[in-house]
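All values below come from the heavy atoms of this structure, side chains included, with hydrogens, waters and symmetry mates left out.
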Amino acid sequence: MDVKGVFTQNWPYKVAAIALSLLLWLSVSADTEIAEQAVPTLLELQVSDSAWSLREVLPAEITTTFRGRRNQVFAARFEETIIRKVIDQVEDSVVQIPLSASEVIYNRELGVEPMTVSPSVVTVRLEERVGKRVAVTGRTDARAAPGAFVVGMRLAPDSVWLQGPASFVNQISQVSTELLEVGAVSRDVSQQLELALPPDLAGLSVDPVTVLGTVDVDALRIRRFEAEVAATGALAAMVSLEPPTVTVTVTGPAAVVDGLDPADLTVTVEIPDAFDGAASYPVRAVLPDDVTETVTIDLDPERVRAAPASARPDPSTP
């Protein structure tokens, strides 16, 4: 009998058989061996007392230890486990909440069992909810089409009621709307807009949740006024101006520009205290404050020449 041939004949098949046996042994071992595995667990806390809000849970990380056959425990590592608790009545801003393995929600089809939860008690910090009215600001990409003028953007209402944890609400003085996207406009456009609450401040509520945004559009109007230039300053009475008048061009919404009266316009030139000869100075046009904010003003010329009143200004004076 060839003993050597017994081991060398058909050796690839024999190696495969040994490997298969080893795999079967490992499979059976994993299926019967008992093991434990810690799995991260999410704690969902609901505060039913409307006067309080959840601020912090310590420690932030919670784990549940599962026990079962090794292969099943291994699979449990990839499952989402949750504990849900409700705080019904708050008597203090710091509450101790016990946690139990019996409260763990998990996939029971895995055949594993939760043994312990760590930590077994968490510290919950709460804070009172407060409310206040805050202003609303709007955002739009509106631009005027040819012959039109974008007057501005209105919001209705222009303030909302904000409620939430005191430390959050006290930080906020205003909230903004989402962008009102309209592009080029030639007439008024209105749209209901959601409010953009700060994403890093949780537990906030707002009433109402939307506001009406309106882009006000008017016809573009251009008017020209001939206005006399008045010299100002300590030496104003000692100079004469050339030219004595300028053309003022006012461009803006028709409702504003059409309502202007020549008396609303003041054109001045400031004469410095060191004035001692002919020189040119910039001209300034002034309209009422509520008008200036919505119109543009152009002057022609932008400078006038001043000379001692006893002599007419020389046009060639620089």
Could you give the side-chain donor-acceptor pairs of residues 35-46 under 3.5 Å, partners two or more places apart or in another chain?
| unit_1 | atom_1 | unit_2 | atom_2 | d |
| --- | --- | --- | --- | --- |
| T41 | OG1 | V39 | O | 3.2 |
| T41 | OG1 | T64 | N | 3.4 |
| T41 | OG1 | T64 | OG1 | 2.7 |
| T41 | OG1 | T81 | OG1 | 2.9 |
| E44 | OE1 | R84 | NE | 2.8 |

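- Among residue pairs with one or both ends in residues 252-270, those qualifying as salt bridge (Lys or Arg N to Asp or Glu O under 4.0 Å) are R221-D258; sequence neighbours excluded.
- Applying the ring pair (Phe, Tyr, Trp, His ring centres under 6.0 Å) test to residues at least two apart or on different chains, the pairs with a partner in residues 74-93 are F74-F78.
- Residues passing the ring-ring contact (aromatic ring centres under 6.0 Å, His included) test with Y106, sequence neighbours excluded: F66.
- Residue pairs meeting the salt bridge (Lys or Arg N to Asp or Glu O under 4.0 Å) criterion with at least one partner in residues 150-163, sequence neighbours excluded, are R154-D216.
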I'd like a table of donor-acceptor pairs (distance under 3.5 Å, sequence neighbours excluded) in which one partner is a side-chain atom from residues 136-148, with atom names and distances.
| unit_1 | atom_1 | unit_2 | atom_2 | d |
| --- | --- | --- | --- | --- |
| R139 | NE | T177 | O | 3.2 |
| R139 | NH2 | T177 | O | 3.4 |
| T140 | OG1 | A142 | N | 3.1 |
| T140 | OG1 | L180 | O | 2.9 |
| D141 | OD1 | V182 | N | 2.8 |
| D141 | OD1 | G183 | N | 3.2 |

Sequence neighbours excluded and cut-off under 3.5 Å, please list the side-chain donor-acceptor pairs for residues 285-297, or say none.
| unit_1 | atom_1 | unit_2 | atom_2 | d |
| --- | --- | --- | --- | --- |
| T292 | OG1 | L287 | O | 3.2 |
| T292 | OG1 | P288 | O | 3.1 |
| T294 | OG1 | V291 | O | 3.1 |

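- In this structure T210 satisfies the side-chain contact (heavy atoms from CB on, under 4.5 Å) test together with Q192, E194, sequence neighbours excluded.
- Counting only residues at least two apart or on different chains, the salt bridge (Lys or Arg N to Asp or Glu O under 4.0 Å) pairs with a member in residues 101-124 are K85-E103.
- Applying the ring pair (Phe, Tyr, Trp, His ring centres under 6.0 Å) test to every pair with at least one member in residues 38-57, sequence neighbours left out, gives no pairs at all.
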Which side-chain N or O atoms in residues 120-128 pair as donor and acceptor under 3.5 Å with protein atoms at least two apart or in another chain?
| unit_1 | atom_1 | unit_2 | atom_2 | d |
| --- | --- | --- | --- | --- |
| T123 | OG1 | Q96 | OE1 | 3.2 |
| T123 | OG1 | Q96 | NE2 | 3.3 |
| E127 | OE1 | S167 | N | 3.1 |
| E127 | OE1 | S167 | OG | 3.2 |
| E127 | OE2 | S167 | OG | 2.8 |

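- Every residue two or more places apart in sequence or in another chain was checked for a side-chain contact (heavy atoms from CB on, under 4.5 Å) with E61, and none qualifies.
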